[in-house]
Amino acid sequence: MIFEEAGCSFNLNSPKQLGEILFNSLKLEEKPKKTKTGQYQTNEQVLTRLAVRFDIARHILEYREATKLKNTYVDVLPSHVLEKTGRIHTTYAQVATATGRLASNGPNLQNIPIRSAQGQEIRKAFIPRSPDRVLLSADYSQIELRIMAELSGDPGMLEAFERGQDVHSATASRVYGVGLTDVSDEMRRQAKMINFGLMYGMSVFGLSQRLGIPRKEAQEIVESYFAQFPGIKTYIDKTIEFAHENGFVETIVGRRRYLRDINSRNKTIRMSMERNAINTPIQGSGADMIKMAMVRIQRAMRDAGLESRMVLQIHDELVFDVVKPELGPVREIVESNMIQAMPMTVPIEVDIGVGDNWLEAH
DNA sequence: AATTTCACG
DNA sequence: ACGTACGTGAAATTA
């Protein structure tokens, strides 16, 4: 099908060949974006934009999704089943990431699909070790935004969490000056983009690109945001200043990440380090919190003599293989220790689900 | 070994 | 004028 549309056959797994077909032979774009090595970009963002007008782009996206899932998960995971246990065991690297998160490899169980319908079918394959058990998944709700609220002490952001509001809707309500119930889906989508973007050090230009709006409009949105949440602006400015003066930033409990190039004369490098400075206390504090929770939970489960086991950590989520009669005590131990892992001013919420597979538990 | 892409938080 | 959102691991292709 794709080769018919292309007018010839080629290696569909080769971004290089695909780019030449799309942009040299078919000329689907006037001035295609190139990678730093001069090849045409053919990533999802590019193909999605083309897919509005060209069926071939849509078909390539479908091919990419299917082959990604097959090659990375369906064909590979069975080979990781250990003979001794009959189960898959990952290895967690405790000193691998720059921010203090864990990393998972051999296989990576921190990137099991969930977003697409086909991906969800893969997640369903993760089940308890025996029929007398269920999987319990506990994840921190909006943990990084809560940490940003904590670090910044911004009254508006704290208030949204204290009132138990949907933080993106609450943000949209303030930024666009409408009632909480009058927030449209589009307004919430934009507010969500800003909330996440700011935690990553996104620029006005970056926001305009992602929202598909002119820079000027993005600038106005950001100005309105900082007028409503001045503490966030102060946090960003103070954190960058601290990093320039000290050469490191730190999490809530004082763990540091050194940023050797924070004072680089190269603007690109320096700005990259400034984004690291903004994000690391947020992502790193979340990593500290869940690690402290894991230690407390493990201890509590052992002390209670439970047979249920903590089996996975996925950054803001813990998964447990639970013997059914232990569901009550496990739920209580997990929830209370995740919430109390680190002393916080902002309320911490944990969502817990139970099911016969990982998808259901979510 | 480097590049590109894409799965996840 | 430039470059433009953080953190990972893995697969396939290219060099």
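Naming convention: chains lettered A, B, ... in sequence-line order (proteins, then strands); numbering from 1 in each chain.
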Once you apply a heavy-atom cut-off of 4.0 Å, does A:N108 come out as touching a base, just sugar-phosphate, or nothing? sugar-phosphate
Would you classify A:V76 as touching base, sugar-phosphate or nothing, given that sugar-phosphate means primed atoms plus P, OP1 and OP2, and contacts are heavy atoms under 4.0 Å? sugar-phosphate
Considering every strand and a 4.0 Å limit on heavy-atom distances, what is the contact class for A:Q209: base, sugar-phosphate, or nothing? nothing
Checking contacts here: which listed nucleotide (B:dT5, C:dC6, C:dT8) is nearest the side-chain heavy atoms of A:T42? B:dT5
Nearest to the side chain of A:R64, heavy atoms from C-beta on, is which of B:dG9, C:dG7, B:dT5? B:dT5
Should the ring pair A:F248 and A:Y258 be called parallel, tilted or perpendicular, given that the plane angle runs from 0 to 90° and is split at 30 and 60? tilted
Of the nucleotides C:dG9, C:dA12, C:dG7, which one has an atom closest to the side chain of A:N71? C:dA12
Would you indicate what A:G206 reaches in the nucleic acid, counting non-hydrogen atoms under 4.0 angstrom: base, sugar-phosphate, or nothing? sugar-phosphate
Which part of the nucleic acid does A:T67 contact within heavy-atom distance under 4.0 Å: base, sugar-phosphate only, or nothing? nothing
For a quick check of understanding: with a heavy-atom distance under 4.0 Å over all strands, which category does A:R215 fall into, base, sugar-phosphate or nothing? base
Mind checking A:S272 for me? I need base, sugar-phosphate or nothing, with any heavy atom below 4.0 Å counting as a touch. nothing
I'd like to know if the side chain of A:T251 and the backbone of A:G284 have a donor-acceptor N/O pair within less than 3.5 Å. no
Does a donor on one side chain sit under 3.5 Å from an acceptor on the other, for A:D132 and A:S130? yes
Under 3.5 Å, side chain of A:E217 to main-chain N/O of A:S208, donor-acceptor pair present? no
Which nucleotide, B:dT5, C:dG9, C:dT13, lies nearest any side-chain atom of A:Q41? B:dT5
Considering every strand and a 4.0 Å limit on heavy-atom distances, what is the contact class for A:S203: base, sugar-phosphate, or nothing? base
Ignoring the backbone of A:Q283, work out which of C:dG9, B:dA7, C:dG7 is nearest its side chain. C:dG7
Would you check if A:Y63 and A:N13 make a side-chain contact, meaning some heavy-atom pair closer than 4.5 Å? yes
Using a 4.0 Å heavy-atom cut-off, does A:M193 contact any base of the nucleic acid, only the sugar-phosphate backbone, or nothing at all? base
Of the listed nucleotides B:dT5, C:dG3, C:dG9, the one nearest the side chain of A:K267: C:dG3
Could you check whether A:K16 gets within reach of a base, just the sugar-phosphate, or nothing at all, counting any heavy atom under 4.0 Å? sugar-phosphate
The Watson-Crick or G-U wobble partner of C:dC2, with both key distances under 3.5 Å, is none
Nearest to the A:T99 side chain among C:dG7, C:dG9, B:dT5, which nucleotide is it? C:dG7
Just checking A:G106: base, sugar-phosphate only, or nothing, at a heavy-atom cut-off of under 4.0 Å? sugar-phosphate
Protein-nucleotide distance (A:N13, atom CG; B:dT5, atom C1'), rounded to Å: 11 Å
What about the rings of A:F196 and A:H168, do their centers lie closer together than 6.0 Å? yes
Any base atoms under 4.0 Å from A:E44, or only sugar-phosphate, or nothing? Heavy atoms, all strands. sugar-phosphate
A:T72 has a side chain; which of C:dA11, C:dC6, B:dT5 sits nearest to it? C:dA11
Considering only side-chain heavy atoms of A:N105, which listed nucleotide, C:dC6, C:dA10, C:dT13, is closest? C:dA10
Quick one about A:E29 and A:Y40 (side-chain donor to acceptor, distance below 3.5 Å, no hydrogens or angles considered), yes or no? no
Which of the following nucleotides, B:dT5, C:dA12, C:dT14, is nearest to the side chain of A:Q17? C:dT14
Across the strands shown, which category fits A:A98 at heavy-atom distances under 4.0 angstrom: base, sugar-phosphate, nothing? sugar-phosphate
Look at all strands and tell whether A:M271 reaches a base, only sugar-phosphate, or nothing, counting heavy atoms closer than 4.0 Å. base
Please state the P separation for the pair C:dT4 and B:dT3 - nearest whole angstrom. 15 Å
